Amino acid sequence: MKLLITVVLIIHVVAGFAALGVGLWAILSKKGQRTHKLTGRTFFYLMLIVAVSAGIVSTIKLNEFLLLIAGFAAYQNIGGYRSVKNKGLSPNWIDWSATALGLVTGVFMIATFNTVLLVFGGICLSLVIVDLRTYYAVFAGKTIPKLAWLARHIGFMMGSYIATFTAFVVVNVRNVEPAWIPWLAPTAVGVPLM
């Protein structure tokens with residue numbers, strides 16, 4: 001079991017580090033161009049590896065905190081990618097599954113009463129509510145804003161990038177009090193920049 005955890009952690013760290021670089025490249029590249037599409041797709045797959053590997057390790061180690069963080073990152077990553085693939089935002093089973101993951105993750109985050117998870121849980125549930133309202137509008141035949149897919153894509157993918165940047169900060173910034181500052185500072189800076 002120890003070997004499995006070590007191997008999965010190595011995969012997690014390598015994918016996370018690569019996601020930092022590739023994600024930044026996607027952010028800085030010209031939107032709609034081949035480079036942005038390629039780096040964006042690569043970032044998506046790297047973040048899937050990050051989320052799944054974090055989920056595996058946190059499940060083995062019974063670490064609820066990291067499991068919830070992985071769920072939140074996965075929800076945003078999948079949602080952001082699907083926004084580009086489904087510009088009409090008409091949900092299929094992948095979208096419903098991702099939104100269900102976001103709902104369950106957000107509820108459990110808030111139920112912990114942990115400061116960091118309360119903040120992330122509130123963000124997560126607010127994203128789920130927007131998703132559900134959008135899905136309802138689509139099913140009701142209402143017009144959704146023309147670029148709603150783009151706003152969702154940017155918000156979710158940037159949220160996913162903030163998640164991996166947060167992990168980098170938390171691992172590398174030590175002895176900061178209160179301890180929640182490294183966890184929330186990237187969100188406090190990154191969200192307004194979106």
Side-chain angles (χ1 to χ4, degrees), residues 8 11-12 15-16 19-20 22-23 26-27 40-59 63-112 114-139 144 148-170 183-184 186-188 190-191 193-194:
V8 174
I11 292 168
H12 177 79
L20 275 174
V22 171
I27 290 166
R41 189 177 314 113
T42 303
F43 175 76
F44 167 73
Y45 287 112
L46 287 167
M47 284 304 294
L48 272 184
I49 293 167
V50 168
V52 169
S53 59
I56 291 168
V57 171
S58 59
T59 300
N63 187 329
E64 177 187 27
F65 182 92
L66 292 178
L67 180 62
L68 293 171
I69 296 292
F72 184 35
Y75 164 55
Q76 291 182 94
N77 189 47
I78 294 165
Y81 186 74
R82 284 288 303 150
S83 297
V84 171
K85 296 297 183 187
N86 175 26
K87 293 179 180 174
L89 300 179
S90 179
N92 69 10
W93 70 270
I94 298 170
D95 303 298
W96 283 114
S97 299
T99 303
L101 173 63
L103 177 63
V104 170
T105 299
V107 167
F108 276 94
M109 283 178 154
I110 289 174
T112 66
N114 173 290
T115 302
V116 171
L117 294 180
L118 280 170
V119 172
F120 290 159
I123 294 169
C124 190
L125 289 180
S126 69
L127 294 173
V128 167
I129 289 167
V130 171
D131 276 352
L132 294 175
R133 285 182 179 166
T134 301
Y135 299 164
Y136 172 76
V138 168
F139 284 127
I144 58 171
W149 70 269
L150 182 59
R152 185 173 190 264
H153 171 69
I154 292 168
F156 275 57
M157 294 311 283
M158 285 300 297
S160 186
Y161 187 79
I162 290 168
T164 196
F165 188 79
T166 300
F168 177 79
V169 169
V170 168
W183 282 99
L184 298 181
T187 298
V191 170
L193 290 176
M194 279 192 238

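Here the structure is a predicted model, which is why all the values come from computation and not from measurement. Along the sequence shown, the residues carry numbers beginning at 1.
Nearest heavy atoms, M109 versus L68: CE-O, 3.3 Å. The two residues A73 and A163 make their nearest non-hydrogen contact at CB-CB, 4.0 Å. Listed here is the closest heavy atom pair of F165 and L20: CA-CD2, 3.8 Å. Between L103 and V128 the shortest heavy-atom distance is N-CG2, 3.5 Å. Closest approach of C124 and G106 over heavy atoms only: SG-N, 3.9 Å. In this structure, G102 and L125 approach most closely via the heavy-atom pair O-CD2, 4.4 Å.
With rounding to the nearest 0.5 Å, the separation of CZ in F120 from CD1 in I110 is 13.0 Å. The OG atom of S83 sits 9.0 Å away from the CG atom of L150 when rounded to the nearest 0.5 Å. One finds the OG1 atom of T115 at 13.0 Å from the CH2 atom of W183 (value rounded to the nearest 0.5 Å). For the atom pair NZ (K85) and CZ (R41), the distance works out to 5.5 Å, reported to the nearest 0.5 Å. A distance of 10.5 Å separates CD of Q76 from CE of M158, quoted to the nearest 0.5 Å.
A heavy-atom distance below 4.5 Å is not found between the side chains of P91 and T99. Between F168 and T164 there is no side-chain heavy-atom pair separated by less than 4.5 Å. In this structure, T112 and L118 have side chains that are not in contact, with every pair of non-hydrogen atoms separated by 4.5 Å or more. Two residues are said to be in side-chain contact when any heavy atoms from C-beta on lie closer than 4.5 Å; W149 and N86 fail this criterion. The side-chain heavy atoms of I144 and V138, taken from C-beta on, include a pair separated by under 4.5 Å. By the 4.5 Å heavy-atom criterion applied to side chains, V50 and H12 are counted as neighbours. By the 4.5 Å heavy-atom criterion applied to side chains, T105 and Y75 are not counted as neighbours. Side-chain atoms of L48 and I78, non-hydrogen and from C-beta on, do get closer than 4.5 Å to each other.
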Inset, instruction - Report the C-alpha separation of N63 and L67 in whole Å, then their side-chain angles, then the decisive distance to 0.1 Å, and conclude whether the side-chain contact (heavy atoms from CB on, under 4.5 Å) test is met. - result: CA-CA 6 Å; N63 187 329; L67 180 62; over 6 Å; no
Inset, instruction - Under the side-chain contact (heavy atoms from CB on, under 4.5 Å) rule, what do I123 and F72 come out as? Steps first, then yes or no, please. - result: CA-CA 9 Å; I123 294 169; F72 184 35; 3.7 Å; yes
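Taking the ring centre of F156 as origin, the terminal cationic atom of R152 falls inside the region bounded by 6.0 Å and 45° from the ring axis.
By the neighbour-count criterion of 12 heavy atoms within 6.0 Å, atom OH of Y136 is sparsely surrounded, having that number or fewer from other residues, nucleotides or ligands.
Although no hydrogens or angles enter the test, the distance criterion places a donor-acceptor pair under 3.5 Å between the side chain of D95 and the main chain of N92.
For Y81 and F43, the distance between ring centers is not under 6.0 angstrom.
For residues 83-108, the set of pairs meeting the ring-ring contact (aromatic ring centres under 6.0 Å, His included) definition, not counting sequence neighbours, comprises W96-Y135.
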